[in-house]
Amino acid sequence: MKKQIKTLVITTMLFVVGTQITNAQAKVAHVDVSELMAKMPARLDAQKQLEKLSGTYDGEYKTMVDEYQSKLKKYEQEATTVTDAVNETRSKEVQDMQKRIVDYRDNAQKELQQKEADIVKPIMEKVKASIQKVGKAKGYQYVLNSEGLLLTDGPNITADVKKDLGF
């Protein structure tokens, strides 16, 4: 009798746990974060700011390179008519200019990357907050980024998130 009660209790527990697992299936949706970021007005404004800053850096870089090439050409033409000491000084000057140009280019790239990160971070946080808001409002436990998913059979909430973000 004890054995039968024990078997009945175990069977009942397995049934209850199995029912709970079946009822506890997670609701999953997906969203295309790349599409949201590409079409978000704030991201488009940020891209324009970055392009303007990049253009400024490119202009300054081109000016430096033009000056370098001009001096190099002049120094090469005059190399046979000046003393070795002058040529050595000019060689040093050209090397210094090369270093400044490389340093400028490297710093400009780092500054552009940092500026992009600074601009994109709050936009991405806003998108993430909106995805969470829409996902919770629709009762989803998980919202996946549809990029890289091989099967996106669940609901796509990209349009809902766009609406929540105001575009």
Side-chain angles (χ1 to χ4, degrees), residues 18-78 89-167:
T19 305
Q20 291 296 329
I21 290 172
T22 303
N23 289 337
Q25 288 182 348
K27 289 180 68 179
V28 180
H30 62 93
V31 64
D32 190 343
V33 176
S34 293
E35 179 184 342
L36 291 171
M37 290 296 288
K39 295 181 179 177
M40 194 164 174
R43 175 69 172 142
L44 298 174
D45 292 341
Q47 191 64 36
K48 288 177 186 174
Q49 287 178 14
L50 291 171
E51 287 171 3
K52 183 178 177 183
L53 184 59
S54 179
T56 301
Y57 286 140
D58 288 345
E60 291 176 20
Y61 179 77
K62 184 179 181 327
T63 300
M64 292 173 78
V65 169
D66 289 346
E67 180 184 343
Y68 167 78
Q69 290 174 339
S70 175
K71 278 194 178 187
L72 186 61
K73 184 177 179 182
K74 177 183 174 191
Y75 291 168
E76 286 174 352
Q77 289 173 349
E78 296 175 353
T89 302
R90 287 179 172 182
S91 175
K92 175 82 169 118
E93 182 183 350
V94 167
Q95 289 172 356
D96 289 345
M97 286 181 79
Q98 284 176 325
K99 184 177 179 344
R100 281 195 313 270
I101 290 170
V102 169
D103 289 347
Y104 179 82
R105 183 195 64 214
D106 292 346
N107 287 334
Q109 287 175 343
K110 286 177 187 174
E111 287 178 22
L112 276 172
Q113 289 171 346
Q114 184 61 48
K115 181 73 170 175
E116 182 175 19
D118 292 345
I119 290 174
V120 170
K121 184 179 179 184
I123 296 170
M124 192 62 193
E125 287 172 355
K126 186 175 181 180
V127 168
K128 183 179 175 183
S130 180
I131 291 169
Q132 290 174 341
K133 177 182 171 185
V134 170
K136 284 180 183 179
K138 293 193 170 274
Y140 296 110
Q141 286 85 18
Y142 299 97
V143 177
L144 306 173
N145 186 355
S146 60
E147 246 183 56
L149 292 177
L150 299 176
L151 175 66
T152 55
D153 198 25
N156 184 349
I157 63 169
T158 303
D160 297 320
V161 174
K162 281 183 183 178
K163 184 178 177 183
D164 183 62
L165 289 170
F167 68 97

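Atom NZ of K27 is surrounded by more than 12 heavy atoms from other residues, nucleotides or ligands within 6.0 Å. In Y142, the OH atom is not crowded: 12 or fewer heavy atoms of neighbouring residues, nucleotides or ligands sit closer than 6.0 Å.
With contacts defined as side-chain heavy-atom distances shorter than 4.5 Å, the pair V127/M37 qualifies. H30 has its side chain out of reach of N145: every pair of non-hydrogen atoms, C-beta onward, lies at least 4.5 Å apart. Within the 4.5 Å cutoff, the side chain of V28 has no heavy atoms near those of the Q141 side chain. Using a 4.5 Å heavy-atom threshold, the side chains of S91 and Q95 count as touching. For the pair V134 and Y140, the minimum side-chain heavy-atom distance is 4.5 Å or more. Considering only heavy atoms from C-beta on, I101 stays 4.5 Å or farther from R105 through its side chain.
Distance NZ/K71 to CD/E76: 14.5 Å, rounded to 0.5 Å. Atoms OG and CD, on S54 and Q109 in that order, are 9.5 Å from each other to the nearest 0.5 Å. Between the CD1 atom of I131 and the CG atom of D164 there is a distance of 10.0 Å, given to the nearest 0.5 Å. From R43, atom CZ reaches atom NZ of K126 across 14.5 Å, with rounding to the nearest 0.5 Å. With rounding to the nearest 0.5 angstrom, the CG atom of D160 is 11.5 Å from the NZ atom of K133. Of the inter-residue distances, the one linking L50 atom CG with K52 atom NZ reads 12.0 Å to the nearest 0.5 angstrom.
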message = Using salt bridge (Lys or Arg N to Asp or Glu O under 4.0 Å), reason through E60 and R100 one step at a time and then give a plain yes or no.
response = CA-CA 12 Å; E60 291 176 20; R100 281 195 313 270; over 6 Å; no
inquiry  = Evaluate M64 against M97 for side-chain contact (heavy atoms from CB on, under 4.5 Å), listing each step before the verdict.
reply    = CA-CA 8 Å; M64 292 173 78; M97 286 181 79; over 6 Å; no
Pair K92-D96, salt bridge (Lys or Arg N to Asp or Glu O under 4.0 Å): steps then yes or no = CA-CA 6 Å; K92 175 82 169 118; D96 289 345; 3.3 Å; yes
ask   = Can you check side chain to side chain donor-acceptor pair (under 3.5 Å) on E111 and N107, steps first, answer last?
value = CA-CA 6 Å; E111 287 178 22; N107 287 334; 5.8 Å; no
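Closest non-hydrogen pair, A38 versus L44, comes out as O-CD2, 3.4 Å. Taking each heavy atom of V143 and V31 in turn, the nearest pair found is CG1-CG1, 3.8 Å. Taking every heavy atom of both residues into account, P122 and I119 meet most closely at CD-O, 3.3 Å.
Side-chain atoms of T158 and D32 include no donor-acceptor pair closer than 3.5 Å. If you check the side chains of Y75 and E93, you find a donor sitting under 3.5 Å from an acceptor. For the residue pair Q49 / D45, no side-chain donor-acceptor distance below 3.5 Å is found, with atom types taken as modelled.
At least one donor-acceptor pair under 3.5 Å links the side chain of T63 to the backbone N or O of G59.
The pair D106-K110 does not count as a salt bridge, with every side-chain nitrogen at least 4.0 angstrom from each carboxylate oxygen.
The cationic group of K162 does not satisfy the cation-pi geometry with F167, failing either the under 6.0 Å distance to the six-membered ring centre or the 45° limit from the ring axis.
The aromatic rings of Y104 and Y61 sit parallel, their planes meeting at an angle under 30°, below the 60° perpendicular limit.
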